Amino acid sequence: MKHLFKIFLLVSALGVSACTNPGRFDNGGAAGADTLNGAVSDPASPAYFQQVVGDRILFLVNQSTVNESARAVLVTQARWMLQNPEYTAIIEGHADERGTREYNLALGARRANSVQEFLISQGISASRLRTVTFGKERPVEICSAESCYNQNRRAVTVLAAGGLS
Amino acid sequence: MRIFQALTLASTLALAALIQPVSAQENRGPLRIEITEGVIEPLPFAVASFVAENAAAAEFASQISQVVAADLTGTGLFREIPADAFVTQITNFASPVEYANWKAIKAQALISGSVSAGVNGALTVKFRVFDVYAEAQLGDGLQLGGSARSWRRIAHKVADVVYSRITGEGGYFDSRVVYVAETGPKDDRRKRLAVMDYDGANVQYLTDSSAIVLAPRFSPKGDRILYTSYETGFPQIMALDVGSVQRRALPVPAETMTFAPRFSPDGQTVVFSLSRGGNTDIYKMALNGGTPQRLTSTTAIETAPSYSPDGSQIVFESDRSGGQQLYIMPAGGGEARRISFGQGRYGTPVWSPRGDLIAFTKQSKGRFHIGVMRTDGSEERLLTASFLDEGPSWSPNGRVIMFTRETQGASGAPSLYTVDITGRNLRRLRTEGAASDPAWSPLLK
């Protein structure tokens, strides 16, 4: 808990300023990594959420359906969020580069929404969740091959401390 | 005199006829390029280096001549005869042209001019166009005035007049392009808005790279730009005043994301995509605010709207049939008719300023194309093919399309290309770095 305490101190020092841009605990989302994630060994840490629970699910080409293995990840994400009610989350929807810019933005919105709806169905309050699409603007893998594309067709649950309103 | 009247609308660059026309009838002569589908042989022309009327004008005279020649050559419709092939030079703008000397080098068109620089730094440029084989001047000689700083614009206006007189079509050289300048690796791209002359000169950055910016669009007058920004952390449409570089967010409902904006032809309305609860539909609202009006209401993705030039219809893309296709609906919303039926996916439709064609991006068999079709979907024609071509934008005269081409792989990067609507004359535009999402301005005034 010592780590978590430090995290919150830092976050409040940063002012938790922007209403729509809360301090993010990010790992491979669109905002880039930061150092506030805590230790993976601490089950209440964002690092644990990212690396043990799994902060992302993947999608098929042009699809926004949450498949079975993705559902298992989201069930665990929901359980974690229920156990750690001080966190909110922004769900980022992403697309691979094999589409037009505008369509990919809309597709990313669909994917993020699929995750949001699933988490809500698992008991997470809608007020703790918000979605954003990045379309094809923030790939995590940069090769032009399916091995990269399938990592980029993703929705990432990015934890934040503080309200989303 | 049609051209004279059109160009005297210029506020910063005054244009005047050098001489009164001897006849009310415009002299078109036999010198004429008809821009058609067939293969054409570029028309050979010569630009006699413009005569400097005084010492201060010397550098401008040479540069203006070069830009005029580059504009014409860049169309693919003209071929410049280099000055070292000339039999003679023009040293006096007022002297009669010795046609035999220009016939000898097979120049069909000849452009001559003069530049004088005033004490206050103002330039005065005079020019004439000649049909060498008809041994006649083509249209009136014209005079342009402007500040020394605007010498490139003066040159573009000269070239626009020459282009118009020979093709019978409006020009497009005195225009600008807004685009997204990109730096950094593919997984950490930094993007900023930039604007430049149509040929890549005079780059000016309009935003910093602190937030992702996407797909800028000019207003019909060229004085404003709509674009999508992540300044708030979420995609939202911004309106930017080109002159002051002041920007403001378009007020939209909370918990929504907005993108893909375009102006209506009167510049008063913005049509765009609004995403709420995972569903993206097309809306419109007054530029000055007000309640967004919903124009589509399906569970499918509807985006990339573009008005017809008369403002009565909107072309857009939707995946309501299962994949991206193009549709046209009335500007107030209502039933849409599908116009694309070929193999593959169709997106980013843009209505031509002439109203006759719609440009689009097509994905088929792993390749991306820029194409055009008539507004009823007939006569589809693919103009390009590559790993990733997207986002067409029309030149002011509806003859040329600019678009983004991105190369493949981890070091892949986008750049700007142009292609003629006949599919000829594919050219890469030189920019300082990677560039995407070009949008052509109207012809400047």
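Values below: all heavy atoms of this structure, side chains included; hydrogens, waters and symmetry mates excluded. Treat the numbers as computed from the prediction; the structure is a model and nothing was measured. We name chains A, B, ... by the order of the sequence lines, and we start the count at 1 in each one.
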Worksheet item: Do any N or O atoms from the side chain of A:S144 and from the backbone of B:G409 form a donor-acceptor pair under 3.5 angstrom?
Response: yes

Practice prompt. Considering only heavy atoms, give the residues of residues 182-192 of chain B separated from chain A by less than 4.5 Å, sorted numerically, with 'none' for an empty result.
Written response: B:K186, B:D187, B:R189, B:K191

Worksheet item: Is it true that the NZ or CZ of A:R138 lies under 6.0 Å from the centre of B:Y230's six-membered ring and within 45 degrees of the ring axis?
Response: no

Fill in: Side-chain donor-acceptor pair present, B:Q324, A:T100, cut-off under 3.5 Å
yes

Practice prompt. Please determine, among B:D319, B:T404, B:T228, B:T361, the option with the most heavy-atom pairs under 4.5 Å with chain A.
Written response: B:D319

Worksheet, complete the sentence: When the 4.5 angstrom heavy-atom criterion is applied to B:S273 and chain A, the contacting part is neither

Worksheet item: Do other residues, nucleotides or ligands put more than 12 heavy atoms under 6.0 Å from the CZ atom of B:R248?
Response: yes

Worksheet item: Tell me, side chain or backbone of A:A112 under 4.5 Å from chain B's heavy atoms, or both, or neither?
Response: neither

Item to complete: Check whether more than 12 heavy atoms from other residues, nucleotides or ligands sit under 6.0 Å from atom CZ of A:R128, and answer yes or no.
Response: yes

Worksheet item: Side chain, backbone, both or neither: which part of A:E97 has a non-hydrogen atom closer than 4.5 Å to chain B?
Response: both

Worksheet item: So, do B:F387 and A:R98 sit near enough that their side-chain heavy atoms are less than 4.5 Å apart?
Response: yes

Discussion item. Once rounded to the nearest 0.5 Å, what's the spacing between atom OH of A:Y103 and atom OG of B:S318?
Written reply: 8.5 Å

Response to the item:
Under 4.5 Å to a heavy atom of chain A? For B:Q363 that would be side chain

Worksheet entry | Stacked cation flag A:R101 on B:F259, 6.0 angstrom / 45 deg | no

Item to complete: Sort B:T407 into side chain, backbone, both or neither according to what part of it lies under 4.5 angstrom from a heavy atom of chain A.
Response: neither

Discussion item. Are there residues of residues 57-83 of chain A whose heavy atoms fall under 4.5 Å of chain B's heavy atoms? If so, which?
Written reply: A:N62

Worksheet item: Below 4.5 Å, heavy atoms only, C-beta onward: do B:F234 and A:T131 meet side chain to side chain?
Response: no

Worksheet, complete the sentence: B:G277 and A:N113 have their tightest heavy-atom pair at O-ND2, 3.0 Å

Worksheet item: Looking only at heavy atoms, what is the nearest atom pair of B:E390 and A:G99, with distance?
Response: OE2-O, 4.1 Å

Discussion item. For B:S321, give me all partners under side chain to side chain donor-acceptor pair (under 3.5 Å), at least two apart in sequence or on another chain.
Written reply: none

Discussion item. Which one wins on heavy-atom pair count under 4.5 Å against chain B: A:L107, A:L105, A:N152?
Written reply: A:L105

Fill in: Toward chain A, the part of B:S411 with a non-hydrogen atom under 4.5 Å
neither

Worksheet item: Is there any residue in residues 209-218 of chain B with a non-hydrogen atom under 4.5 Å from a non-hydrogen atom of chain A, and which ones are they?
Response: B:I212, B:L214, B:A215, B:R217

Worksheet item: Using a cut-off of under 4.5 Å for heavy-atom pairs, which of B:E406, B:R276, B:E317, B:R345 has the most such pairs with chain A?
Response: B:R345

Worksheet item: Can you tell me how far the CD1 atom of B:I301 sits from the CZ atom of A:R110, to the nearest 0.5 Å?
Response: 3.5 Å

Worksheet item: So, for A:V132 and B:G233, which heavy atoms are closest and what is the spacing to 0.1 Å?
Response: CG2-O, 3.5 Å

